Amino acid sequence: MIKIQIPATSANLGAGFDALGLALSYYNYVEMEESDCIDISSTDEVRVPEDENNLIYISAKDLFNVCGKKFDGLKIRQTNNIPMARGLGSSSACIVAGLVGANTLLGNPLNPDEIVDLAAQIEGHPDNTAPALLGGIVTAVFDGKKVHWVKQEVYTKLKFAAIIPDFELKTEKARACLPSEVAHKDAVYNLSRAALFSASLLTGKFENLRTAVHDKLHQPYRMELIPNAREVFDIAYNHGAYGVYISGAGPTIVAIADENNTYFAGKMKFSLDNAGLNGWQVREFHIDNNGTQVISE
Ligand code: HSE
């Protein structure tokens, strides 16, 4: 069996809706080998589809088809640390695992660019799939067929606290609440902040992040779907976060804090519990600059 490590991802980063995303030091693992049947299971208590509806399986089969290779089935073992439907890229991790697994089994017929494209075609947008594959912070434009992207590695002294609630929010629901049109001034509001975000993150101008994470395309609408989100934002800023945003489609909220902001997660958890928000857990991560790795072949 080959074994693959895939990072969680945090997309949008505030204003960069469907365009910006970064990989986090939080991993799923997938073991895979060719088989003449479908044999899928979890190594943990997380229930996953064990038939042809499994997203890792679907993605792997897609890659076999694209390469014109005969496909009979797969044996897949999933270790599912990334919580599902929480805005941390669990679906993208499955897609990327399936593609990288199948590509490895076939002797790497596709290059990383082609896998980035295929992953975005399956997911519909590239802001989780591209950083899951490539690592770092990824700026991406998907033209419907091809992803035009830049990956930048990040070595700044920041930590990313994922504040994860005990409820799910499906991406379809979190996209359905968005308006189909926005005002020109709101578009300018967002594009200027999205550009400010990556430039500030990469150059260490962290004081800009609080302005850069504001947006008018998705967060105001999604806030309504995430009970107590406003309180969580306030608590994170009270503890010195540089910037706080809804991760991907939510409901997880990410707070960016200085490496020297000691016990940030512990202080957050204490304040959340004091505010009666004890269904939220806080996990601290760093940016993963490596992306998906085949750790044994
Ligand atoms: N950019 C996507 C969204 C990320 O906000 O809907 C979630 O898949």
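Values below: every heavy atom of this structure, side chains too, minus hydrogens, waters and symmetry copies. Note that ligands are numbered from 1 as they come in the structure, with each ligand's atoms numbered from 1 the same way. Everything numeric here is computed off the predicted structure, so don't read it as measured data.
- Remark: side-chain polar atoms of N54 are paired, donor with acceptor, to backbone N or O of P49 under 3.5 angstrom.
- For the ligand labelled ligand 1, residue H218 lies outside the 4.0 Å heavy-atom shell.
- For atom 6 (O) of ligand 1, the closest non-hydrogen atom of the protein is R175 NH1, 2.6 Å.
- Closest to atom 8 (O) of ligand 1 among all protein heavy atoms lies H125 CE1, 2.9 Å.
- Near F17, meaning under 4.0 Å from one of its heavy atoms, ligand 1 places the atoms 3 (C), 5 (O), 6 (O).
- The number of heavy-atom neighbours closer than 6.0 Å to CZ of F270, taken from other residues, nucleotides and ligands shown, is 12 or below.
- A cation-pi contact links R193 to Y189, judged by a cut-off of 6.0 Å to the six-membered ring centre and 45° from its axis.
- Atoms of ligand 1 found under 4.0 Å from any heavy atom of D18 (numbered from 1 in listed order, with element): 1 (N), 2 (C), 3 (C).
- Listed by number with element, the atoms of ligand 1 under 4.0 angstrom from any heavy atom of N12 are 1 (N), 3 (C), 5 (O).
- Less than 4.0 angstrom separates some heavy atom of D127 from each of these atoms of ligand 1: 1 (N), 2 (C), 4 (C).
- Aromatic ring centres of Y57 and F71: separated by under 6.0 Å.
- Set against the non-hydrogen atoms of N128, the atoms of ligand 1 under 4.0 Å away are 4 (C), 7 (C), 8 (O).
- No chain of hydrophobic side-chain contacts below 4.5 Å, direct or via other Ile, Leu, Val, Met, Phe, Trp or Tyr residues, connects L202 to W149.
- No more than 12 heavy atoms of other residues, nucleotides or ligands shown are found within 6.0 angstrom of OH on Y263.
- If you look at T171 next to ligand 1, the close heavy atoms, those under 4.0 Å, all belong to the side chain.
- A donor-acceptor contact shorter than 3.5 Å is absent between the side chain of K159 and the backbone of E284.
- Of the heavy atoms in R222, only side-chain atoms (C-beta onward) come closer than 4.0 Å to ligand 1.
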